[in-house]
Amino acid sequence: MSHSLKPARVRFAPSPTGRMHLGSARTALYDYLLARKTGGQFILRIEDTDRRRFVPGAEEELMQGLRWLGLNWDEGPDVGGPYGPYRQLERKEIYQEYALQLIESGHAYTCFCTPERLEKLRQEQQKRKENSHYDGTCRALAPQEAAARVAAGERHVIRFKMPRQGSTTVHDRLRGDITVENRNMDDYILVKSDGLALYHLAHVVDDHLMKITHVIRGSEWLPTFPLHALIHRAFGWEEPEFVHLSVFLKPSGKGKMSKRESADLIKDGYSIYVKDLETLGYLPEAVVNWIALMGWSYDDHTEFFTMDDLIEKFSLDRLNPSPAAINFAKFDHFNGLHIRNLEIPDLANRLRPFFEARGYLVDDARLLKVAPIIQERLVTLEDAPEIAGFFFQDVIQSPAAEDLTAKGLTPKESAEVARQMLVLLESQPEMTANLVEPVLRSLVEQLGLSPGQVFGILRAAVTGQKISPPLFESMEIIGKQKVIERLRSAIQVLERAGDG
RNA sequence: GCCCCCAUCGUCUAGCGGCCCAGGACGUGGCCCUCUCAAGGCCAAAACAGGGAUUCGAAUUCCCUUGGGGGCACCA
């Protein structure tokens, strides 16, 4: 039973170096689901130790994205928490302290090699087609000598003293045991010469101090996973459970999305950036449902999930280790499903800004009537203005004669049909669908024409569009006065065309 | 080049030795419904990368090949 699961403390630890994309959104989602499912905590930690790559505004977009998706954190830089601070830049001294501890215990050493020397070394190794790695020059330095040089103010970094022999076995929740030969791993730098810790050290220290139970992250960390385990072990700390998620591939399935391709996507109305999805008219519910299923499944047929469903049903056991190609067609499908799942007032509220963005003056009472008749016709919220913008226009542009002419009829004949409809409609007290539809249907029968021919003329006349929401319901919303007015002007257009 | 990971329809996936001549979904094609467009319903085409091995029996276990992905920074 799920009740027996221990409360998990799970962190989402992005670096503020770019935009929030679908891949990080999925990681955050799984973090959140595990925390909520087990009654644990979802923690947001900002990994900003690389000041050079810092992008202003990235952290804000990230937080907005998480909130939009409904992934609210229990501890984080803005809300605080018992294990703060939650920005790594503010934890600099903590890492230094632990790095020193590693040196004292013989698991790390100071290195005085210059970047220039290292670069030269790399080039030589590459020339010899060798695996590029640190050659261990400073590893042999006597601790006293190293300490003296540090005291003298010499620039240095701190490196992990990777065992030269043997192998390291780590455990990934999705892939089981992974064993690597230690000689294939490097003496990775733990602390830079500016005194700031690198990811490898910082996250291990933080995860331990913050009592993280599960580390869910991208598979790009798999190669350095053994290093991280070794650091935990060097401190004598218990390792959290590690879950490495595979990357998202581009729609073709061939390789991951490049910056260029990501930018090109927007032309087709898609994006891998969470913030763009909102403006493109996608629902956070749909994003969550869609990305949850890229790498996780519940069973062999259930696909529609709300956040509550996911919290109830999510399990690490049903994660899939293979990479998944992003499929926007399926995303559209999910968005449609979730739009149709919305209550009308909710849908109306979400629709309003999309009408307004196109310059329509939205009347709330009318919007409430429009929402239900376009609900099942929307792929995205952004589709609404095109389908139903005319409801919020006092005057529509008169359709061209050819658009008002029924298939198989001349403009003149179409005008005659329109005149007959006008007479019938004028005699109706109001334009309710219940009243109008039977009357018009009997006219269709009487004329011996098809419903498509007759209603096509009316549709174009009243909505100004060849494609529209259901005609009679639309007429009801538009009201008798406007319907009559527009039908009259359509008749005029047709008559003029008939004369010519 | 070296190291690591992955491998079922075009795509997302179910499958954890017999229930599978492989199930669901998106997309595609057809039909039905129908005032247009949708939504909905029905039907169809569509996959276990290849080769060995284990086993009475393999999509499911093991090995190799191939393919794909990731990593090899004083980035995360």
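Throughout, protein chains are lettered first and strands after them, A, B, ... in sequence-line order, and every chain is numbered starting at 1. Being a predicted model, the structure only gives us computed values, none of them experimental. Values reported hereafter were calculated over all heavy atoms of this structure, with side chains retained and with hydrogens, waters and symmetry mates removed.
A donor-acceptor contact under 3.5 Å links the side chain of R377(A) to the base of rC37(B). Applying the 3.5 Å distance criterion, the base of rC74(B) shares a donor-acceptor pair with the side chain of S193(A). With hydrogens and angles ignored, a donor-acceptor pair closer than 3.5 Å exists between the side chain of E303(A) and the base of rG24(B).
If you take atom P in rU13(B) and the same atom in rA58(B), they sit 28 Å apart, rounded to whole Å. Rounded to the nearest Å, the gap between the C1' atom of rA25(B) and that of rA47(B) is 15 Å. Straight-line distance between the C1' atoms of rC63(B) and rU55(B): roughly 16 Å, to the nearest whole Å. Separation of the P atoms belonging to rG41(B) and rC62(B) is 40 Å when rounded to the nearest angstrom. Annotation: rC5(B) and rU28(B) have their C1' atoms spaced 33 Å apart (nearest Å). The gap from the C1' atom of rA39(B) to that of rU34(B) amounts to 11 Å, rounded to the nearest Å. Distance check on atom C1': rC74(B) versus rG70(B) gives 23 Å, rounded to whole Å.
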- Task: Using the ring pair (Phe, Tyr, Trp, His ring centres under 6.0 Å) rule, take F242(A) and H214(A) through it: C-alpha gap first, then chi angles, then the decisive distance, then the call.
- Result: CA-CA 6 Å; F242(A) 284 90; H214(A) 299 260; over 10 Å; no

- Criterion ring pair (Phe, Tyr, Trp, His ring centres under 6.0 Å) on F328(A) and Y270(A), from CA distance to verdict: CA-CA 7 Å; F328(A) 286 104; Y270(A) 297 119; 4.7 Å; yes

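Phosphate proximity of rC75(B) to K192(A): present, with a side-chain N or O under 4.0 Å from OP1 or OP2. Applying the 4.0 Å criterion to OP1 and OP2 of rU13(B), one finds that R318(A) has every side-chain N and O outside that range.
If you find the closest nucleotide of RNA chain B to L222(A) and to P469(A), the one lying nearer the 5' end belongs to L222(A). Taking the nucleotide of RNA chain B with the nearest heavy atom to each of A329(A) and F455(A), the more 5' of the two is matched to A329(A).
Cation-pi check for R159(A) over Y109(A) is not met; the charged atom does not lie both under 6.0 angstrom from the ring centroid and within 45 degrees of its normal.
For I189(A), the listed nucleotide lying nearest its side chain is rC74(B); candidates were rC74(B), rC75(B), rA38(B). Distances from the side chain of H333(A) to the nucleotides rG40(B), rG71(B), rC26(B) place rC26(B) closest. Checked against rU36(B), rA76(B), rC12(B), the side chain of A324(A) finds its nearest nucleotide in rC12(B). Distance from the side chain of N327(A) is smallest to rU11(B) among rC35(B), rA76(B), rU11(B).
Note that CE of M421(A) is 6.0 Å distant from CG of L487(A), once rounded to the nearest 0.5 Å. Distance check: W73(A) CH2 to F12(A) CZ gives 10.0 Å after rounding to the nearest 0.5 Å.
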